[in-house]
Amino acid sequence: MTTPVVAEIALNVPLYRNFDYLVEPQFQTNIAVGCRVAVQFGRQQLIGIVVALKSNSEFLDKLKPISRLIDNNAIIDRHMISLIEFASHYYQNPLGECYQVALPTLLNKGEAVDKSAVPIIKLIDENTSVNGKKQRQLIEHLVDSGSTPVTELSALGFSSATVKSLLEKAIIEKTVEYNRDWQSKPLAIGDKPKLKREQAIALAAINQATGYTCYLLEGVTGSGKTEVYLQALEKPLQQGKQALVLVPEIGLTPQTVNRFRRRFPNVPIMLWHSAMTDNERLSTWRAAQTQSAAIVIGTRSSVFLPFAKLAMIIVDEEHDLSFKQQDSLRYHARDLACFRAAKLAIPLILGSATPSLETIHNATNNKYQLLTLTERAQTQSDNQYVLLDMRGQHQQSGLALATLDYIKKELTKGKQVMVFLNRRGFSPSLICHECGWLSQCQRCSANATYHKHIRNLICHHCGAQEHVPTQCPSCGSTQIIPAGQGTEQVAEFLAESFPDTPITRVDRDSTRKKGSLESALHDINKGEPRILIGTQMLAKGHHFSEVSLVVIMDVDSGLYSYDFRATEHLAQLITQVSGRAGRSGEAGTVLLQTHFPEHPLLQDLINNGYQDFSRYALREREETLLPPYTSLAIIRCESHKLNDINNFLYDLIPEQLPSGIQLLGPVPAALERIAGKYRYQLHIQGNERKKLHLYLHQLVSYISQSKLATKVRWSIDIDPVSMA
Ligand code: ADP
Ligand code: ZN
Ligand code: ZN
């Protein structure tokens with residue numbers, strides 16, 4: 001190649017273009033595409049990535065030189081570069097911003113790639129006997145799961161004192177030496193069950209894959225999907241290759257991780273999630289790159305890890321909304337995983353008990369290969385659904401009297417009951433009994449939620465807090481009462497109704513303190529009669545074997561919503577919650593409180609199951625021309641001035657639209673105002689993805705030149721999963 005004279009740099013600035021800089025002679029030998037550089041940008045020093053090298057530029061004499069070359073070699077390979085470029089192109093985000101999202105924080109700050117190596121502890125002598133119970137447990141853990149990064153120990157309940165005493169006795173050692181030799185050693189495989197027929201068929205199909213195939217593994221909770229993943233991983237690992245397992249944020253529990261570590265005791269398995277420090281993340285990032293990690297189990301952004309020899313991607317709970325990032329680069333990790341697998345020609349496995357309608361659509365169109373697990377691996381009778389008609393029912397704190405009878409019956413049998421309500425706080429608002437005044441946030445078009453134990457009104461959207469007024473601000477009355485229910489109220493009411501039964505509340509308020517969720521789960525798993533009340537947090541990821549009754553209090557808000565995906569999410573929730581209860585051999589009850597017991601969706605779901613429901617829901621989407629039968633994008637816009645919003649959005653509406661493109665709006669967002677800012681949207685729909693993409697491309701390039709755009713905050717969301 002001719003001497004590079006000009007480097008094109010992607011910088012994290014909100015502009016839809018890259019920037020040319022001069023490469024001075026001292027950098028010309030080492031600079032490469034994929035290196036980081038520091039450059040002067042206006043008055044700031046920024047760090048960017050070299051995305052192209054050129055031997056000339058038409059502005060050569062105007063260019064500033066690169067200030068510093070940070071890396072002497074590319075820190076990412078061609079494959080990663082193409083993945084990030086694809087993300088930028090598909091989601092219509094500036095390339096520099098995509099690099100910002102895709103790379104670990106420390107690398108964005110210019111730290112050396114090899115900066116961090118998180119130490120691990122390893123067992124040297126498992127036969128020495130020790131006295132302390134915790135010390136014994138730690139040894140057992142290490143026998144069970146092999147080496148463990150020190151940073152994971154506290155989540156597993158081991159204190160630094162325990163570690164220290166074992167280190168002093170030379171029973172364990174602390175080292176930064178990861179097993180780099182795992183690829184040459186024969187793969188050790190821990191105990192595993194013999195696969196059931198359907199599992200064996202699924203595994204055989206996956207093992208046959210040559211090149212890219214996407215499999216949808218559809219099976220109820222407990223049908224043995226994870227077992228299929230584990231056995232499917234044997235093939236790539238035996239070949240010394242790597243795998244990525246994507247899980248929802250909430251699914252990354254020590255139990256899950258230990259299951260993988262126990263199965264593959266001699267390959268290094270590392271984690272990636274939001275609770276890790278920047279150092280730990282860089283360490284995992286580097287391990288993926290240097291192949292000192294064989295498997296990474298990670299949340300959304302692990303889809304950007306720079307594996308050197310990636311041979312399989314698994315996305316567990318593929319329907320989970322946490323795979324879609326909701327700000328900055330609004331990517332869907334599942335969809336990027338799909339791009340990556342296709343590009344690398346490797347298999348991709350999507351697993352779920354309740355696949356998204358998009359994925360089911362792809363499976364029925366034969367874009368994905370459908371593998372179904374219909375039986376539970378460990379026998380369990382099907383749960384029984386009860387649709388409790390709330391019309392005319394006497395209720396207290398949102399629970400019907402009949403519901404209380406159901407709860408009482410299970411508790412007397414010595415069982416646990418789980419009550420689900422997706423609203424924290426005591427009540428969603430306060431109301432004046434005299435004049436009808438409602439507690440509202442001053443800065444949002446939303447109610448202010450009453451939190452009783454701290455006697456505060458809190459806005460769940462902007463966080464504003466104020467004391468509960470002693471008198472109605474409008475009429476002066478002292479009769480201010482709670483309106484509606486949140487988990488705090490239901491917990492209080494249930495405690496009064498069942499004074500002898502312990503109650504555990506699981507929501508964001510009750511689990512704020514570190515370790516409190518773990519201790520709540522620990523209490524629940526003791527198995528004695530107990531009522532669990534909680535939000536989404538309780539519904540996901542945990543299995544409660546002693547729960548024999550699940551109550552879903554507010555079904556109706558999911559049936560009638562501004563968001564066309566609400567029914568899909570409701571059906572997923574009901575199915576997931578019901579799958580998490582009950583022990584082998586015993587059927588549980590799922591009680592749905594609703595004013596619409598005849599609703600066809602509920603009827604279909606409870607009589608025929610999620611599979612049937614989803615096919616029915618897809619037909620409905622087809623008739624109403626909604627995704628996945630059309631493609632959708634949302635332009636969102638925020639400003640303190642409604643006028644600026646209108647000027648910006650109306651300017652985007654052309655006199656004539658290209659055929660196959662529809663525009664809706666501007667419409668107010670579900671919450672028209674948050675923290676004083678107005679929020680409006682433009683919905684853009686295309687009959688064909690390609691056409692929509694082309695149109696958006698022109699639109700975004702128009703916006704990036706528009707003066708009106710500088711007065712508002714705007715963003716674009718391709719394939720939105722939420723209409724909010
Ligand atoms: P899922 O991931 O679908 O929820 P799992 O793979 O976790 O299901 O399986 C549920 C339970 O059944 C686990 O305890 C697992 O060890 C067990 N299991 C899975 N497959 C088999 C099998 N073929 N034989 C016996 N037990 C199995
Ligand atoms: Zn009043
Ligand atoms: Zn607010």
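Note that ligands are numbered from 1 as they come in the structure, with each ligand's atoms numbered from 1 the same way. Residue numbers count from 1 along this sequence. The structure displayed is predicted, hence computed values, not measured ones.
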Is the shortest side-chain N to carboxylate O distance from [X] to [Y] below 4.0 Å?
X: K225; Y: D316; result: no
X: E672; Y: R679; result: no
X: K324; Y: D717; result: yes
X: R512; Y: D509; result: yes
X: E358; Y: K367; result: no

Discussion item. Just to verify, what does H361 make a ring pair (Phe, Tyr, Trp, His ring centres under 6.0 Å) with, not counting sequence neighbours?
Written reply: Y629

Worksheet item: Excluding sequence neighbours, so at least two apart, what forms ring pair (Phe, Tyr, Trp, His ring centres under 6.0 Å) with F307?
Response: none

Worksheet item: Going by the angle between their ring planes, with limits at 30° and 60°, are W714 and F648 parallel, tilted or perpendicular?
Response: tilted

Fill in: Between Q611 and E218: side-chain donor-acceptor atoms closer than 3.5 Å
yes

Worksheet item: Taking atom 23 (N) of ligand 1 as the point of reference, which of R197, E227, K194 owns the nearest heavy atom?
Response: K194

Worksheet item: Hey, does the side chain of R508 reach the backbone of M537 with a donor-acceptor pair shorter than 3.5 angstrom?
Response: no

Worksheet item: Does G219 come within less than 4.0 angstrom of ligand 1, counting non-hydrogen atoms of the residue?
Response: no

I need the atoms of ligand 1 closer than 4.0 Å to a non-hydrogen atom of [X], numbered in the order shown.
X: L195; answer: 23 (N)
X: S223; answer: 3 (O), 8 (O)
X: V220; answer: 3 (O)
X: P193; answer: 21 (C), 22 (C), 24 (N), 25 (C)
X: K225; answer: 1 (P), 2 (O), 3 (O), 6 (O), 8 (O)
X: K196; answer: 23 (N), 24 (N)

Worksheet entry | L549 side chain reached by K415 side chain, heavy atoms, under 4.5 Å | no

Worksheet item: Do E227 and P193 come close enough that some side-chain heavy atom pair is under 4.5 Å?
Response: yes

Practice prompt. Could you pull out the N/O/S protein atoms under 2.8 Å of the Zn ion (ligand 2), ignoring any water?
Written response: C432 SG, C435 SG, C472 SG, C475 SG

Discussion item. Counting only heavy atoms from other residues, nucleotides and ligands, does the tally under 6.0 Å from NZ of K677 exceed 12?
Written reply: yes

Response to the item:
Taken by chain and residue number, the protein N/O/S atoms under 2.8 Å from the Zn ion (ligand 3) read C441 SG, C444 SG, C459 SG, C462 SG

Worksheet item: Hey, would you say the Y616 and F613 ring centroids sit under 6.0 Å apart?
Response: no

Worksheet item: Taking non-hydrogen atoms only, is E317 closer than 4.0 angstrom to ligand 1 via side chain, backbone, both or neither?
Response: neither

